[in-house]
There are 2 protein chains.
Amino acid sequence: MNIGEAAAASGLPAKTIRYYEEIGLIRPKRDGNGYRAFAEDDVHRLAFLNRSRGLGFSIEDCRALLGLYADDTRASEDVKRLAADHLTRIDARISELQALRATVAGLVDACAGDGRPDCPILEDLATGPLCAHQRPKPLA
Amino acid sequence: MNIGEAAAASGLPAKTIRYYEEIGLIRPKRDGNGYRAFAEDDVHRLAFLNRSRGLGFSIEDCRALLGLYADDTRASEDVKRLAADHLTRIDARISELQALRATVAGLVDACAGDGRPDCPILEDLATGPLCAHQRPKPLA
DNA sequence: ATGGAGGTTCCCGTAGCTGGAAGGTCAAGG
DNA sequence: CCTTGACCTTCCAGCTACGGGAACCTCCAT
């Protein structure tokens, strides 16, 4: 199976598959012509990666998850801890965004949004309180 | 005023200030020795940037906001639209994360988290449904 | 004179890919 | 047999918004 078929079967773009090989998440063999030859097991790992990335796990989390998956002497405790930590980070991020949302929504509500230049949003940005340098992470 | 004082006055790290100059958000003059010389207005713009970034606006949003701020013939409508779009993106992100959270929480709850290898989390990752390649953005 | 606390530029690294260039390979059609 | 087009390959650049650190310069106080 070459990369195009593996992409179709796993749901991942070919570019992503090459990247995953580069960082050592999969090790497909090669045909004589240099083409990658994906075995069923490779495709299975790719689908596993597609799903774990889809749940928001980081690449390093995924690496650990693949390791646990391959180890049949694993303790489910280890898997659960990894997922629970992930959940904690998601919750932290949601809280951060909700706080942001409240502030921005307040400003939007306060602005008339008409043709005149007076704007409480700009006034707040220009004169509001300075907090320590601490950014919300980018949205995308 | 040199960069250290400007940093203290605006709440931004010196590194960030240099970066903002590089991408054209500020244009401080230079002293004879090559040191940046920040005027009150520069510091004001920096504080403005600190606050707008703190509300999660992107750099390009901040550039636009600074432009609107400097233009006293602006319509508050334009400012409001920018902020409202930002709010929309925040809400979209929150929804995305809440959906993620629900799924991950379900898996965490289902896992015994003991010393045995059986784990519904791994089972789901290994055999769950494949969705189109569409990632949640990284958390950080 | 000297030491240290500032300042300067420049380049690399971050996460996780995506896009594109330059080129090799394969199967089908003329 | 040759060509066309769809594949495949590698490599390099770029994305966000900076932070770390090197190598070097400048100022001020002792």
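A note on names: the letters A, B, ... follow the listed sequences, proteins ahead of strands, and every chain is numbered from 1.
dG14(D) atom C1' lies 17 Å from atom CD1 of Ile59(B), rounded to whole Å. Counting to the nearest Å, the C1' atom of dT18(C) and the CD1 atom of Ile17(A) are 14 Å from each other. The CG-P distance, from Asp31(A) to dA27(C), rounds to 11 Å in whole Å. Rounded to an integer number of Å, the gap from CD of Glu22(A) to P of dC11(D) is 9 Å. Following rounding to the nearest Å, Tyr19(B) (OH) and dT14(C) (P) show an atom-to-atom distance of 18 Å. One interatomic measurement links the two molecules: NZ of Lys15(B) to C1' of dG13(C), which rounds to 12 Å at whole-angstrom precision. Distance Leu49(B) CG to dC18(D) P: 9 Å, rounded to the nearest Å. Taking atom CD of residue Glu21(B) and atom P of nucleotide dC18(D), one finds them 15 Å apart after rounding to whole Å.
Residues satisfying the side-chain hydrogen bond (donor to acceptor under 3.5 Å, both in side chains) criterion with Arg18(B), sequence neighbours excluded, are absent altogether. Scored by the salt bridge (charged side-chain N to carboxylate O under 4.0 Å, His left out) test, Asp91(B) finds Arg101(A) as partners (sequence neighbours excluded).
No donor-acceptor distance shorter than 3.5 angstrom exists from the side chain of Asp31(B) to the backbone of Asn33(B), with no hydrogens or angles considered.
Expressed to the nearest 0.5 Å, how far OG of Ser95(A) lies from CG of Leu97(B) amounts to 10.5 Å. Rounded to the nearest 0.5 Å, atoms NE2 (His44(A)) and CG (Leu46(A)) are 10.5 Å apart.
Distances shorter than 4.0 Å separate none of the side-chain N or O atoms of His133(A) from OP1 or OP2 on dA17(D). The side chain of Thr16(A) contributes an N or O atom lying less than 4.0 Å from OP1 or OP2 of dT18(C). Phosphate contact (OP1/OP2 of dC18(D), side-chain N/O of Tyr20(B), threshold under 4.0 Å): present. Taking only side-chain nitrogens and oxygens, Arg135(A) never comes nearer than 4.0 Å to OP1 or OP2 of dA17(D). Not one side-chain nitrogen or oxygen of Arg53(B) sits closer than 4.0 Å to the OP1 or OP2 atom of dT16(D). Between Arg18(B) and dG20(D) there is no side-chain polar atom (N or O) within less than 4.0 angstrom of OP1 or OP2.
Comparing the start and finish of the helix from dA1(C)-dT30(D) to dG30(C)-dC1(D), five pairs each, the helix axis swings through 40°, to the nearest 10 degrees.
For DNA chain C, the residues of residues 2-14 of chain A within the heavy-atom distance limit of 4.0 Å (strictly under) are Pro13(A), sorted by number.
Using a 4.0 Å cut-off between a side-chain N of Lys or Arg and a carboxylate O of Asp or Glu, Lys80(B) and Glu77(B) do not qualify as a salt bridge. Under 4.0 Å is where a charged nitrogen must lie from a carboxylate oxygen, and between Asp71(B) and Arg74(B) no such pair does.
Of all the heavy atoms in Ile17(A) and Ser10(A), the pair that sits closest is CD1-OG, 4.0 Å.
Evaluation of the salt bridge (Lys or Arg N to Asp or Glu O under 4.0 Å) test over residues 32-57 of chain B, restricted to residues two or more places apart or in two chains, returns Glu21(B)-Arg36(B).
Between Leu49(B) and Tyr20(B) there is a side-chain heavy-atom pair separated by less than 4.5 Å. Looking only at side-chain heavy atoms (C-beta outward), Ser52(A) and Asp61(A) stay at 4.5 Å or farther from each other.
Cluster annotation: Ile23(A) is connected to Phe38(A) through the hydrophobic network of ILVMFWY side chains, with a link wherever side-chain heavy atoms come within less than 4.5 Å.
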Exercise for review: Spell out protein contact along nucleotides 23-30 of chain D as letters: B when the base is contacted, S when just the sugar-phosphate is, - when no protein heavy atom is under 4.0 Å; keep the 5' to 3' order.
Suggested key: ---BS---

